[in-house]
Amino acid sequence: MHGSGQDKMIRETEKPRLLVVMGPTAVGKTGTAIALAKLCNGEIVSADSMQVYRHMDIGTAKPTPAEQGLVHHHLIDIVDPDEAFSAASYMERARAAITDLHRQGKGIVVAGGTGLYIRALLGGLFDGPGADEALRRSYAAILEREGKPGLYEILKSKDSRAAAIIHPNDAARTVRALEVLELTGVSIVEQQQDHGFAQRPYSVLKIGLRMERPLLYERIEARTDQMMAQGFLEEVQRLLDMGFSEDLKPMQALGYRQLVRVLRGTLDLEEAVRSIKRETRHYAKRQLTWFGADPEISWFDAGDREEIVRSAGRFLGEKSL
RNA sequence: GGGUCGGUAGCUCAGUCGGUAGAGCAUCGGACUGAAAAUCCGAGUGUCGACAGUUCAAUUCUGUCCUGACCCA
């Protein structure tokens, strides 16, 4: 016989169970996540690299106040656009939120389209140094002066293992590899291989939402038009008025960078909307590639809410067995 | 009605002094460990308007037709 005290102990020591809703942009993750959260008396932990920013609402397709009123959302509106943020900050804060929810006995639904953030949350990141702005500025200067070949030559001479993996044109990864080597003395490749995203702090059901490509693209275009109608351009103007520079990372995001140019008068509005639609399609394609490579994902038709709920119920139900 | 210039990839076009063709964008595929809506890599997907003639061989030359733009009436 099991006493209730023992049950409680088992429950407290077992890993938190997570429903993770993933898929390309505009496939309907928000609605599915809300439905699942209601099912399990849960709350939502967003896994979206843009929705973390305050004041960026329309362009990031953030859940509306009404939607956020239905179910509590975490990891949304947690930093200003001029604050540093990263996959590591995400991991730390999302894990804290999950620990909290688990203690409260709440259900937990992770939902988002940022593959790296989900991977970091579920598997960890190698224990390396964060961004070193001074170092990055100095490499940016080298890049400016000598171009990508010059930067890559430095990597080749200092870390041939990393150079073998990183493409000469990929300046972002070249800089990161140099940064890690300089700050730790150990090749980034070695540290990544040792780590291998091997942490398993959670018990997870990965729910992938799929949709026929033409329909997905239609939804992306319709949603872009809707964003414009809702005042996306005005939102960008507001951000600039608040003093957030167009050089900030989040202001380089899809849509924001085009609309900044419209406001600067260097891009035609119609052209900008076309560009946003096109690049959002490309973005969805990259997400599909990322998630498609994950063999742990169970895929569902985005519209088949019943089947998703049934599978989630089975996964969560095992908890009480 | 006459004339000129066009019709080649989904789009805009280049090209072949006759040996079945290639750029940009679109599209498709891939990578991704502290910027990830970022960054980067790869692939041409084609009745060369139609029919006929010349030719070993025609998308290319010739003719007719269809079609678009412009000019003259």
Side-chain angles (χ1 to χ4, degrees), chain A residues 24-26 46-53 56 58-62 79 81-94 112-133 135-137 139-140 143 148 151-152 162 165-177 179-180 183-184 186-199 213-214 216-217 220-221 223-224 227 232 247-259 271 274-294:
Chain A
T25 191
S46 165
D48 186 298
S49 66
M50 291 305 298
Q51 294 181 1
V52 297
Y53 295 108
M56 303 178 83
I58 296 169
T60 63
K62 205 173 273 177
V79 289
D82 57 357
E83 287 182 66
F85 198 77
S86 68
S89 337
Y90 173 78
M91 177 177 74
E92 195 177 309
R93 298 180 71 158
T114 305
L116 178 62
Y117 282 17
I118 294 175
R119 183 176 288 174
L121 173 66
L122 304 181
L125 294 169
F126 79 87
D127 188 21
D132 183 317
E133 290 309 327
L135 209 47
R136 288 189 183 190
R137 267 197 301 278
Y139 286 125
L143 183 61
K148 288 176 176 180
L151 188 67
Y152 186 72
I165 290 177
I166 297 167
H167 192 278
N169 286 340
D170 199 342
R173 286 199 174 76
T174 302
V175 167
R176 176 60 182 158
E179 178 181 60
V180 168
L183 297 176
T184 67
V186 181
S187 168
I188 188 172
V189 177
E190 189 176 332
Q191 301 191 57
Q192 288 174 345
Q193 283 178 355
D194 286 348
H195 179 265
F197 298 109
Q199 294 179 0
R213 191 80 61 97
L216 181 66
Y217 285 2
I220 284 171
E221 305 207 346
R223 193 183 66 179
T224 304
M227 284 176 176
F232 191 4
D247 298 326
L248 294 170
K249 274 179 291 183
M251 293 295 268
Q252 305 295 319
L254 235 167
Y256 291 90
R257 65 167 171 266
Q258 286 91 347
L259 294 183
E271 188 72 33
R274 261 200 302 279
S275 163
I276 292 170
K277 289 175 177 175
R278 179 188 346 116
E279 293 194 25
T280 305
R281 289 196 298 271
H282 292 169
Y283 170 52
K285 172 63 187 71
R286 293 196 299 277
Q287 291 176 302
L288 287 169
T289 297
W290 181 287
F291 294 130
D294 183 346

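Each chain gets a letter, A, B and so on, in the order the sequences are listed, and its residues count up from 1. Because only heavy atoms are used, hydrogens play no part in the values below, and waters and symmetry mates are left out as well, while side chains stay in.
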Participant: Taking any heavy-atom pair under 4.0 Å as a contact, classify A:Arg257: base, sugar-phosphate, or nothing.
Facilitator: sugar-phosphate
Participant: Tell me whether the side-chain N or O atoms of A:Arg173 pair up with the base of B:rA35 as donor and acceptor below 3.5 Å, since no angle test is needed here.
Facilitator: no
Participant: Measure the OG1-CZ distance between A:Thr25 and A:Arg223 for me, rounded to the nearest 0.5 Å.
Facilitator: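 Here the interatomic distance stands at 3.5 Å.
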Participant: Within this structure, what is the CZ-to-P distance between A:Arg278 and B:rC25, rounded to whole angstrom?
Facilitator: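 After rounding, the gap between these two atoms is 9 Å.
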Participant: Report the nucleotide, chosen from B:rA38, B:rG34, B:rU27, that has the shortest atom-to-atom distance to any side-chain atom of A:Arg286.
Facilitator: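 For A:Arg286, the side-chain atoms sit closest to B:rA38.
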Participant: Rounding to an integer number of Å, can you tell me how far A:Phe197 CZ sits from B:rU33 C1'?
Facilitator: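 That distance rounds to 4 Å.
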Participant: Please state how far atom OH in A:Tyr283 lies from atom C1' in B:rA38, giving the value in whole angstrom units.
Facilitator: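 So the two atoms are 10 Å apart, to the nearest Å.
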Participant: Could you measure between the two P atoms, the one in B:rU8 and the one in B:rU12, and give it in whole Å?
Facilitator: 8 Å
Participant: Using atom NZ of A:Lys285 as one end and atom P of B:rG42 as the other, report the distance to the nearest whole Å.
Facilitator: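 Atom-to-atom, A:Lys285 to B:rG42, this comes out as 15 Å.
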Participant: For the pair made of CD in A:Glu190 and C1' in B:rU33, what is the distance, rounded to whole Å?
Facilitator: 15 Å
Participant: Got more than 12 heavy atoms from elsewhere within 6.0 Å of CD, A:Glu92?
Facilitator: no
Participant: By nearest atom, which of the nucleotides B:rA35, B:rG29, B:rC32 is closest to the A:Ala172 side chain?
Facilitator: B:rA35
Participant: Can you confirm whether A:Leu183 sits close enough to A:Leu135 that some side-chain heavy atom of one is under 4.5 Å from a side-chain heavy atom of the other?
Facilitator: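 Of all side-chain heavy-atom pairs linking A:Leu135 with A:Leu183, at least one is under 4.5 Å.
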Participant: Rounded off to whole Å, could you give me the CD1-to-P distance for the A:Ile276 and B:rC25 pair?
Facilitator: 19 Å
Participant: Ignoring the backbone of A:Ala87, work out which of B:rG34, B:rC32, B:rA35 is nearest its side chain.
Facilitator: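 So the side chain of A:Ala87 is nearest to B:rG34.
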Participant: Only pairs with both distances under 3.5 Å count, Watson-Crick or wobble alike; so what is the partner of B:rU60 in this structure?
Facilitator: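 Checking every strand shown, B:rU60 finds no partner, since no pair has both distances under 3.5 Å.
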Participant: Both A:Ser89 and A:Pro250 contact RNA chain B. Taking the nearest nucleotide for each, which residue is further toward the 5' end?
Facilitator: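 Closer to the 5' end of RNA chain B: A:Ser89.
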Participant: In whole angstrom, what separates A:His282's NE2 from B:rC28's C1'?
Facilitator: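 Computing the A:His282:NE2 to B:rC28:C1' distance gives 10 Å.
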Participant: A:Asp170 side chain: which of B:rC40, B:rA35, B:rC28 is closest?
Facilitator: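 Closest nucleotide to the A:Asp170 side chain: B:rC40.
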Participant: With rounding to the nearest 0.5 Å, note down the distance linking OG1 in A:Thr224 to CZ in A:Arg274.
Facilitator: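 If we round to the nearest 0.5 Å, A:Thr224:OG1 and A:Arg274:CZ are 13.0 Å apart.
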Participant: Select from A:Gln191 and A:Thr114 the residue whose nearest nucleotide in RNA chain B is closer to the 5' end of that strand.
Facilitator: A:Gln191
Participant: Please determine, for B:rC5, whether a Watson-Crick or G-U wobble partner exists with both distances under 3.5 Å, and give it or none.
Facilitator: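 With both distances under 3.5 Å, B:rC5 matches B:rG68.
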Participant: From the list B:rA35, B:rC32, B:rA36, which nucleotide is the closest neighbour of the side chain of A:Tyr117?
Facilitator: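 The closest nucleotide is B:rA36.
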Participant: Just say parallel, tilted or perpendicular for the rings of A:Phe85 and A:Tyr53, cut-offs at 30° and 60°.
Facilitator: perpendicular
Participant: Mind checking if A:His195 touches a base, just sugar-phosphate, or nothing, with heavy atoms under 4.0 Å?
Facilitator: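 It contacts base atoms.
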Participant: Using the side-chain heavy atoms of A:Lys249, tell me which of these nucleotides is nearest: B:rG34, B:rG29, B:rA35.
Facilitator: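 The answer is B:rA35.
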Participant: Check the distance between B:rC40's C1' and A:Trp290's CH2 and give it to me in whole angstrom.
Facilitator: 13 Å
Participant: Students often get this wrong, so: under 4.0 angstrom with heavy atoms, is A:Gly59 touching a base, only sugar-phosphate, or nothing?
Facilitator: base
